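It should be emphasised that the depicted structure is a prediction, and the values quoted were computed from it without experimental measurement.
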Amino acid sequence: AQEVNAETEEKMKEKIKNVTADVTKSEIFHFGMLGVAQCVVFQLWSAQMMYFYTDIFMLAPMFISGMFLFARIWDGVNDPMIGLFIERTRTRYGRFKNALLFAPLPLAIALVLNFTVPSFGKTGNMIYAVVTYILFGMIYTTIDVSFFSLPTAMTNDSNKRASLFGIGRLCTGTTMSALGILTIPCVTMLGKGDMKTGYFYTAILFGVASCILYLLNVGHVHERTIQDKPKFNFKTTIKAIGQNKPLLMVMVFGFILQFVSVAKSSLNMYYATYNLGNVQLVAIVGLAGVPGMLLGSVVAPMLVKKFEAKYVAVGLNILFFIDSLGLFFFKNNVAALVVNNLLFLFYVGAGMVLVSTMTAETIEYAELKIGQRNEGFITSTQTFISKFAVALANSGVLALIAALGYVPNQTQAEGTLNAFFYMESIIPGLIGLLACIPMLIYPLTKKEYARISDELKIRREQNA
């Protein structure tokens, strides 16, 4: 009995040591690099698939629009289930590191399949596009949920979590901006003028690079605060979202942010090609956005430490509206578009840090109010909202330009060109203003979150 008690005491000491161990600078660096690995494939897929499907794959815009919406309906069922599976699966590697170890290679293969144009005939190619698009989305969900759940298992300190999310968003945002610059030149160079071949080899290159980055960095991050899960209760788990008012408000804000971001990014290809007459301008505009994304990702954690996150979010949306209004008065002006993209990516970079930080806070809120801690399930809402926004933005753009008479690889009608301009300038700013509403309703202040954290600490000590 004494030996058993001694062994139990040692295990408890080790557990306490793991929970209270500090997150090292090296670990923060490797966490950020995992974000880079993730975005190497996601940027190519999210920013280029719509253009690839319409102008390279030559699928009908209305079919693509329907495919995107169908995929998101499937995600509505699939993503939360994947989140639950991840959070309740524990191996010797941890709970959230499993997907980061085993999913990168299948994800890279799915990326290449997405950028492959087969010869199965019209119907066969349409089926191929649907299957490969949904396959990529499902595999990506496992990685995205795991990556953004990691900070909740790395530390219980809210400031350190905010820093981790800030670093993660800084790295992902910088990667997306950099690849926005490099993608088209890379496609042009690897394809030697053939865009179809160029996209195929670019997908292979990005997929291999992503796998290498995962392999080099995943072993250097550590899960410290893994809690044993009680028996699964579906009703209680659904309450983790349905009765979690802060989470619902963050989801609305995150959806609007992602919707605007994807719509503008997708439209850059069409606006540069047809309104400005040079698709290579996409790289220049993307380059201008890099410092904006960097600055936004760095400044956001500092602003959150000084001010309430909800008011920081409101200020960002007002800034974005002013930015969009400025572009509206400089039609088809390259310099104005460059400045617009600089401020726009500052808004996106800072906004994504806020979404991740506030989502993590809602995990503690759910644990206190409902009695069940669902990191993976709650984090999966970010992934679902992100993919839903991608689909709805692309579907909306495709449906609109199809209705306006868009014809791939041809000179566009005046009405179509005007639609491209409005969708690039004032319309995103007006939509962005709507994101102020959920943030003003968001109830978790610093004082309230501190109270929740203290109450949970007391409850855990009593349970122990």
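Taking the side chain as every heavy atom from C-beta outward, T359 and L247 approach each other to under 4.5 Å. No side-chain heavy atom of D55 sits less than 4.5 Å from a side-chain heavy atom of M195. Side-chain contact between F136 and L113: absent, with no pair of heavy atoms (C-beta onward) separated by less than 4.5 Å. Side chains of L59 and F52 form no contact here, defined as non-hydrogen atoms less than 4.5 Å apart. Inter-residue side-chain proximity for S46 and V262 is flagged as unmet; no heavy-atom pair is nearer than 4.5 Å. With a 4.5 Å cut-off on side-chain heavy atoms, N125 and F57 count as touching. In this structure the side chain of F42 never reaches within 4.5 angstrom of the side chain of D144, judged on heavy atoms. Between F344 and S261 the shortest side-chain heavy-atom distance falls below 4.5 Å.
Note on ring orientation: taking the six-membered ring where Trp is involved, the planes of F259 and F255 are tilted (angle from 30° to 60°).
Looking at M358, K310, K245 one by one, the single match for side-chain contact (heavy atoms from CB on, under 4.5 Å) with V250 turns out to be M358.
With hydrogens and angles ignored, the 3.5 Å screen pairs a side-chain donor or acceptor of K97 with a backbone N or O of V221. For the pair E448 (side chain) and P443 (backbone), a donor-acceptor distance under 3.5 Å is absent. Under a 3.5 Å cut-off, the side chain of T142 and the backbone N or O of I139 do form a donor-acceptor pair.
You'll find the ring centres of F147 and F31 inside the 6.0 Å limit. Residues F115 and W45 place their aromatic rings such that the two centres sit no closer than 6.0 Å. Checked against the 6.0 Å centroid criterion, the rings of Y133 and F68 qualify as a close aromatic pair.
Interatomic distance, I109 CD1 to N114 CG, rounded to the nearest 0.5 Å: 12.5 Å. Expressed to the nearest 0.5 Å, how far CG of L213 lies from SG of C39 amounts to 11.5 Å. Y128 OH to T116 OG1: the interatomic distance, rounded to the nearest 0.5 Å, is 4.0 Å. Note that the CE atom of M33 and the CD atom of Q38 stand 13.0 Å from one another [nearest 0.5 Å]. Atom NE2 of H220 and atom OG1 of T24 lie 10.5 Å apart (nearest 0.5 Å). If you take CZ on F253 and CG on L434, they are separated by 12.5 Å, rounding to the nearest 0.5 Å.
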Go through L100 and L150 one step at a time and tell me if the side chain to side chain contact (heavy atoms under 4.5 Å, CB included) criterion holds.
CA-CA 10 Å; L100 304 181; L150 260 180; 3.6 Å; yes
Checking side chain to side chain contact (heavy atoms under 4.5 Å, CB included) for the pair V299/M302: CA distance, chi angles, key distance, verdict?
CA-CA 5 Å; V299 167; M302 294 189 289; 4.2 Å; yes
Side chain to side chain contact (heavy atoms under 4.5 Å, CB included) evaluation trace for L257 with Y347
CA-CA 9 Å; L257 176 70; Y347 161 72; 3.5 Å; yes
Passes side chain to side chain contact (heavy atoms under 4.5 Å, CB included), M352 versus Q258? Steps please.
CA-CA 9 Å; M352 294 310 296; Q258 288 275 17; 3.1 Å; yes
Only distances under 3.5 Å count here; give the side-chain donor-acceptor pairs of residues 196-208 to other protein atoms, sequence neighbours excluded, each with its distance to 0.1 Å.
unit_1 : atom_1 : unit_2 : atom_2 : d
T197   : OG1    : D194   : OD2    : 2.9
Y199   : OH     : Q48    : OE1    : 2.7
T202   : OG1    : G198   : O      : 2.7

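In terms of heavy-atom proximity, A309 sits nearest to V304 at CB-CG2, 4.4 Å. Contact record, H30 with N217: ND1-OD1, 2.7 Å, taken as the closest heavy-atom pair. Nearest heavy atom pair, residue A103 against residue I143, reads CB-CG1, 3.6 Å.
Annotation: F63, atom CZ; neighbour count of heavy atoms from other residues, nucleotides and ligands within 6.0 Å is above 12.
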